[in-house]
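Just below is one structure, and these are the notes that go with it.
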Amino acid sequence: MSIQNELLATIQDLVQPGKGILAADESHPTIAKRFKAVGVESTEDKRREYRSLIFSTPGLGEFVSGVILFEETLGQNSLDNVSIPKLLESQGIVPGIKVDKGKKPLVHAPGDEITYGLDGLDDRLEIYKSQGARFAKWRAVYNISNTLPSRQAVEANAEVLARYAALCQAAGIVPIVEPEVLIDGDHSIERAAEVNEAVIAEVFSALRRHRVQLEAIILKPSMVTPGKECVKASPEQVAEATLRVFRRVVPAAVPGINFLSGGQTPEEATLNLSAMNSLGQQPWYLSFSYGRALQEPAQKAWAGELDNGSAVQTALLKRARLNGAATSGAYKEDMEG
Ligand code: 13P
């Protein structure tokens, strides 16, 4: 298959009505934090046990089209001794891989951060592809305040995201482009809208400069919400504010926008997505690429005990199914019971 056909086939497999993406690509420090919250020490065996359990959930492929993996998991075998990418494929799910190396402070820009990992990325992409990955993820992070992010951070992160996306497409790997404007802080929904608009506009300007084919990317943004320490907005307000920004800055050529959950509760993330999809047809498919909002209940059910396996899978499948319903605006709160 040509690189071009490979990219478009992957987009077709990822962007499917009723389905979204499961982000299970937590780095070692992040998964340690998630496990600690349910009283489990993060060891390679425990990470393998938990991830093996969630990926083998019967019926997961009905609501999940792709899973983002951490490098360690891409090379692991399930509890039944099947390679994890093979296990996902057997569920009709496309395996993907987080390829950034995390963030560090941006020099000369106090409070801003920049994501590392471009050096050697072309070689790593070839290896990941040979291990079964067909799409990738790179997360840029923007802190928000009255003055942050600086212009410097907005431009630097956009440039790096675009170079990553171009390298992925050259390798036949679909890039998920993730500019995450953080929820932390007491900023208003208006300030979140202003920052998201500036950040995403700059990302598309850089993508164009690097000749990234917009039909073969997926955008993974934050929803436009007030800061965590501010009064919450209703799902209708979040939906309207988010779509207003996206209509301004996301070209219609982009096939899918798969939101991150960013610290929203599982129920909020589902409600907000459903509210957006209740506002009628948009140029892009609007779906989820949640980490915490899909996995939190499953991690609680697990608590480090293999014997809780079926409760883990029930909890994960429930959130996947409800978010699947939210992709058509069909989710209602009484479906939680
Ligand atoms: P959350 O949905 O937990 O924000 O995670 C999504 C993700 O992949 C962040 O990079």
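Start at 1 and go down the list; that is how both ligands and their atoms are numbered. This is a predicted model, so every value here is computed, not measured.
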Discussion item. Can you confirm whether the side chains of Tyr331 and Glu267 place a donor and an acceptor under 3.5 Å from each other?
Written reply: no
Discussion item. Test of understanding: with side-chain contact (heavy atoms from CB on, under 4.5 Å), list the residues that count as partners of Leu243, not counting sequence neighbours.
Written reply: Arg247, Met276, Leu279, Gln282, Trp284, Leu286
Practice prompt. Provide the full list of salt bridge (Lys or Arg N to Asp or Glu O under 4.0 Å) pairs with a residue in residues 34-48, sequence neighbours left out, each pair given once.
Written response: Lys46-Glu49, Arg47-Glu72
Discussion item. If the condition is side-chain contact (heavy atoms from CB on, under 4.5 Å), which residues does Ser261 pass it with, not counting sequence neighbours?
Written reply: Ala269, Tyr290, Arg292, Ala293
Output block, N or O contacts of ligand 1, threshold 3.5 Å exclusive:
{"residue": "ligand 1", "atom": "2 (O)", "partner": "Ser261", "partner atom": "N", "Å": "2.8"}
{"residue": "ligand 1", "atom": "2 (O)", "partner": "Ser261", "partner atom": "OG", "Å": "2.5"}
{"residue": "ligand 1", "atom": "2 (O)", "partner": "Gly291", "partner atom": "N", "Å": "2.8"}
{"residue": "ligand 1", "atom": "3 (O)", "partner": "Arg292", "partner atom": "N", "Å": "2.9"}
{"residue": "ligand 1", "atom": "3 (O)", "partner": "Arg292", "partner atom": "NE", "Å": "2.8"}
{"residue": "ligand 1", "atom": "4 (O)", "partner": "Gly262", "partner atom": "N", "Å": "2.7"}
{"residue": "ligand 1", "atom": "4 (O)", "partner": "Arg292", "partner atom": "NH2", "Å": "3.1"}
{"residue": "ligand 1", "atom": "8 (O)", "partner": "Lys137", "partner atom": "NZ", "Å": "2.8"}
{"residue": "ligand 1", "atom": "8 (O)", "partner": "Lys220", "partner atom": "NZ", "Å": "2.6"}
{"residue": "ligand 1", "atom": "10 (O)", "partner": "Lys137", "partner atom": "NZ", "Å": "2.5"}
{"residue": "ligand 1", "atom": "10 (O)", "partner": "Glu178", "partner atom": "OE1", "Å": "3.1"}
{"residue": "ligand 1", "atom": "10 (O)", "partner": "Glu178", "partner atom": "OE2", "Å": "2.9"}

Discussion item. Quick check: do Lys318 and Gln313 have side-chain heavy atoms less than 4.5 Å from each other?
Written reply: no
Fill in: Distance-only polar pair, side chains of Gln264 and Asn272, donor-acceptor under 3.5 Å
yes
